[in-house]
Amino acid sequence: MNTDVHDEPTRARPSSRSDDGQGSPGWTPIATDISSHLPFTPAVEANGFVFVSGQASVDATGAIISGTFEEEMRLSMANVESVLASAGLTLRDVVRVTSYVRDTADGPSYNEIYRDYFRPPLPARTTISNCLSPALRFEIDVIAVRPN
């Protein structure tokens with residue numbers, strides 16, 4: 001019998017969210033003081049890992065706070081520390097960093113400021129340049145792991 005895949009009935013895919021909006025089996029949103037008009041959760045935990053969404057130089061309401069590269073990076077890092085603290089973690093628990101730097105000319109400053117926050121053993125890191133809108137100079141997301 002010759003069966004065409006287009007003849008098979010369409011099956012509904014299970015939702016990645018439970019009916020209570022509390023995430024999906026295996027992951028849980030982390031409650032934070034950060035608010036945003038954008039559709040994202042500041043952090044989620046899954047299997048002992050905490051995934052922190054991109055943090056930029058914004059205040060608690062999500063309003064962008066513009067400044068120098070250093071000011072924006074330090075405010076972004078303070079936001080990361082705040083989200084991690086909501087999960088009972090610190091920067092020492094971070095195992096992966098992805099940073100977005102608008103201008104490659106800020107690379108040396110980025111590395112210098114980065115050393116103020118991360119000490120050896122350093123987490124794995126990727127830095128992406130020339131990718132942010134003019135409204136932001138810096139953004140960072142991290143993955144942390146709960147100590148055993």
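These numbers come from a predicted model, not from an experiment.
In terms of heavy atoms, V52 sits closest to D141 at O-CB, 3.2 Å. Across P108 and A105, no two heavy atoms sit closer than the pair CD-O, 3.5 Å. Contact record, A135 with S66: O-OG, 4.2 Å, taken as the closest heavy-atom pair. The shortest heavy-atom contact between R92 and P121 is NH2-CD, 3.6 Å. Summarising the geometry of T41 relative to P29, their closest heavy-atom pair is CG2-CB, 3.7 Å, with the distance given to 0.1 Å.
Taking 4.5 Å as the limit, some side-chain heavy atom of V58 sits within range of a side-chain heavy atom of I64. Residues L91 and E81 form a side-chain contact, since some pair of their non-hydrogen atoms from C-beta on lies under 4.5 Å apart. Side-chain contact between P42 and I30: absent, with no pair of heavy atoms (C-beta onward) separated by less than 4.5 Å. Contact check for P147 versus L89: side-chain heavy atoms found under the 4.5 Å cut-off. In this structure, the side chains of Y114 and M77 stay at 4.5 Å or more apart for every pair of heavy atoms. Residues S129 and V101 form a side-chain contact, since some pair of their non-hydrogen atoms from C-beta on lies under 4.5 Å apart.
In this model, a donor atom of one side chain and an acceptor atom of the other lie less than 3.5 Å apart for T126 and R96.
Atom-to-atom distance recorded for S76:OG and R137:CZ is 12.0 Å, nearest 0.5 angstrom. To the nearest 0.5 Å, atom CG of residue N79 and atom OG of residue S53 are 12.0 Å apart. Rounded to the nearest 0.5 Å, atoms CG (L132) and OH (Y100) are 9.0 Å apart. To the nearest 0.5 Å, atom CG of residue D106 and atom OG1 of residue T127 are 12.0 Å apart. Taking OG1 from T98 and CD1 from I140, the interatomic distance works out to 8.0 Å, rounded to the nearest 0.5 Å.
Taking the six-membered ring where tryptophan is involved, the planes of F138 and Y110 are tilted, since the angle between them lies from 30° to 60°.
By the rule that hydrophobic residues join a cluster once side-chain heavy atoms approach within less than 4.5 Å of another member, L122 and M73 end up as members of one cluster. The cluster map of Ile, Leu, Val, Met, Phe, Trp and Tyr, joined by side-chain heavy atoms under 4.5 Å apart, puts V83 and V97 in the same cluster.
For R125 and F118, the positive end is not near the middle of the six-membered ring at less than 6.0 Å and at most 45° from its axis.
Every residue two or more places apart in sequence or in another chain that forms a salt bridge (charged side-chain N to carboxylate O under 4.0 Å, His left out) with E70 is listed here: R74.
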Run the numbers on L84 and V94 for side chain to side chain contact (heavy atoms under 4.5 Å, CB included), then give the verdict. CA-CA 9 Å; L84 288 170; V94 171; 3.8 Å; yes
